[in-house]
Amino acid sequence: MKKFNKILFCSLALVPAIALVGCNDPQYFSITTLSSNELLGKASGGSEKSFIEGSEVVLSAQSYVGSNFLCWIHSSNRIVSKEANIKINVSQATSGSYTALFEEEAPSSMMYAMASEMNFISADYDDVSKVTYLIEYSSSDNAASYKTLCSGTYDQIQSTSIKSDNVLYLGKAGNLYKYNFRVTLSSVTYLSNNFTSNIGQITFDDEVSTKTFDKDGNITLSASHERGTLTFTLSKLTSSLLV
């Protein structure tokens with residue numbers, strides 16, 4: 001009996017040690033690369049095999065003669081660098097796919113767009129100043145589930161341009177995505193009396209896809225609200241837009 005108790009005690013003493021060793025097991029994460037258009041350039045450095053956490057992976061984008069590299073996009077929704085060669089420190093946050101994006105001449109060929117401009121025309125005042133906004137989108141197939149594209153504050157008197165590293169993936173030919181948009185103006189400040197108003201949510205009826213780019217590579221949406229009219233523009237990614 002004493003021998004059994006001794007073995008049991010030793011076994012129990014080993015459990016925390018084994019668990020501790022298990023907690024220190026290395027973690028592995030996937031880093032993959034792809035080219036937005038293999039006729040315009042190639043991407044390298046990623047692998048279908050997983051990399052150990054904390055290691056460093058070098059990704060390279062090479063544009064072919066006559067083409068132009070724009071940026072690296074992580075997981076189809078965020079610009080992470082405009083440099084052709086980048087280093088990724090492997091972690092859960094950095095894992096995923098990295099797309100080397102090359103500039104497309106035809107707007108309908110570009111798979112990505114970003115919010116580029118917004119203009120709120122008030123029905124009550126003509127001196128709209130600071131605007132705080134939240135832009136959300138949903139797939140036309142799942143209109144009830146909205147995701148955030150970007151948010152921020154801009155001074156409309158100075159410029160109607162808005163900037164973000166977040167992008168919208170529009171898909172490729174044969175696999176196009178269609179989206180609906182809504183914008184929440186949580187505060188609009190008017191210059192004359194420094195009055196701030198909560199306009200609220202404005203929904204756009206038009207669907208967005210690569211087919212709705214105009215010849216200049218823009219998609220402009222407009223919607224009326226009892227407090228005014230909001231115009232919102234998405235633009236295909238170009239070298240001039242990313243400056």
Side-chain angles (χ1 to χ4, degrees), residues 71 73-82 93 96 99 101 110-171 176-210 212-214 217-238 241-243:
C71 59
I73 295 179
H74 180 212
S75 297
S76 297
N77 59 25
R78 186 171 180 81
I79 296 172
V80 292
S81 179
K82 299 169 191 174
T99 301
L101 184 65
M110 174 53 71
M111 300 185 295
Y112 295 92
M114 66 165 32
S116 61
E117 189 171 300
M118 187 181 297
N119 191 22
F120 178 66
I121 306 299
S122 172
D124 305 311
Y125 305 95
D126 59 2
D127 58 351
V128 173
S129 179
K130 289 187 178 180
V131 178
T132 301
Y133 62 90
L134 167 67
I135 302 174
E136 298 175 291
Y137 66 96
S138 71
S139 166
S140 297
D141 297 329
N142 188 10
S145 179
Y146 275 84
K147 299 178 181 178
T148 297
L149 177 63
C150 61
S151 60
T153 300
Y154 72 98
D155 191 330
Q156 190 164 293
I157 290 179
Q158 295 182 3
S159 174
T160 56
S161 296
I162 54 178
K163 276 283 190 180
S164 171
D165 287 331
N166 296 333
V167 296
L168 180 71
Y169 179 63
L170 296 167
L176 299 179
Y177 294 92
K178 296 179 180 180
Y179 299 103
N180 297 111
F181 275 83
R182 68 186 185 191
V183 176
T184 301
L185 302 181
S186 56
S187 70
V188 175
T189 302
Y190 306 93
L191 185 63
S192 58
N193 54 9
N194 202 31
F195 170 68
T196 298
S197 175
N198 182 351
I199 302 299
Q201 191 178 100
I202 300 175
T203 301
F204 298 89
D205 295 329
D206 296 336
E207 287 185 336
V208 166
S209 72
T210 57
T212 52
F213 279 123
D214 63 22
N218 298 314
I219 301 170
T220 301
L221 304 175
S222 182
S224 296
H225 184 273
E226 61 181 7
R227 304 288 297 281
T229 301
L230 179 67
T231 303
F232 161 53
T233 301
L234 289 159
S235 299
K236 74 165 190 170
L237 297 195
T238 62
L241 186 64
L242 295 179
V243 170

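Only a predicted model underlies this, so the values are computations on that prediction, with no experimental measurement involved.
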Just verifying a value: how many Å separate [X] [atom1] and [Y] [atom2], rounded to the nearest 0.5 Å?
X    : Y    : atom1 : atom2 : value
I202 : I135 : CD1   : CD1   : 11.5 Å
Y146 : Y179 : OH    : OH    : 13.0 Å
L237 : I79  : CG    : CD1   : 5.0 Å
F232 : L221 : CZ    : CG    : 6.5 Å
K178 : D206 : NZ    : CG    : 12.5 Å
Y133 : L185 : OH    : CG    : 11.0 Å

How far apart are the closest heavy atoms of [X] and [Y], and which atoms are they?
X    : Y    : result
T210 : M110 : CG2-O, 3.5 Å
A113 : L170 : CB-CD1, 4.0 Å
S138 : S145 : CB-O, 3.1 Å
A115 : L234 : N-CD2, 3.7 Å
S209 : I219 : O-CD1, 3.6 Å
T229 : S222 : CG2-OG, 3.8 Å

Working for side-chain contact (heavy atoms from CB on, under 4.5 Å), residues I73 and V80
CA-CA 6 Å; I73 295 179; V80 292; over 6 Å; no
Using side-chain contact (heavy atoms from CB on, under 4.5 Å) as the criterion, list what pairs up with [X], not counting sequence neighbours.
X    : result
K163 : none
S122 : F120, D124, Y125, V128, Y190
I157 : S129, D155, L191
K147 : Y137

Side chain to side chain donor-acceptor pair (under 3.5 Å) against [X], all qualifying residues, sequence neighbours excluded:
X    : value
T153 : T132
S116 : S235
T148 : none
N77  : none

Pair Y112-T99, side-chain contact (heavy atoms from CB on, under 4.5 Å): steps then yes or no:
CA-CA 11 Å; Y112 295 92; T99 301; 3.7 Å; yes
Test your reading of the model: is there a side-chain donor-acceptor pair from K236 to the backbone of N218, 3.5 Å cut-off?
no
Check whether N198 reaches the backbone of S187 with its side chain - one donor and one acceptor, N or O, closer than 3.5 Å.
no
Please test M118 against T233 for side-chain contact (heavy atoms from CB on, under 4.5 Å), starting from the C-alpha separation and ending with a verdict.
CA-CA 6 Å; M118 187 181 297; T233 301; over 6 Å; no
If only side-chain N and O atoms count, and only distance matters, is there a donor-acceptor pair under 3.5 Å linking N180 with E207?
no
Partner residues of R182 under the salt bridge (Lys or Arg N to Asp or Glu O under 4.0 Å) criterion, sequence neighbours left out:
E136
Any pair counted as salt bridge (charged side-chain N to carboxylate O under 4.0 Å, His left out), so long as it reaches residues 183-197, sequence neighbours left out
none
Between N166, L241, L168, which is the residue that forms a side-chain contact (heavy atoms from CB on, under 4.5 Å) with M114?
L241
Q156 side chain reached by N119 side chain, heavy atoms, under 4.5 Å:
yes
Contacts of H74 meeting ring-ring contact (aromatic ring centres under 6.0 Å, His included) (sequence neighbours excluded), chain-then-number -> Y98
One pair to check against side-chain hydrogen bond (donor to acceptor under 3.5 Å, both in side chains): T189 and T196. What are the steps and the verdict?
CA-CA 4 Å; T189 302; T196 298; 3.0 Å; yes
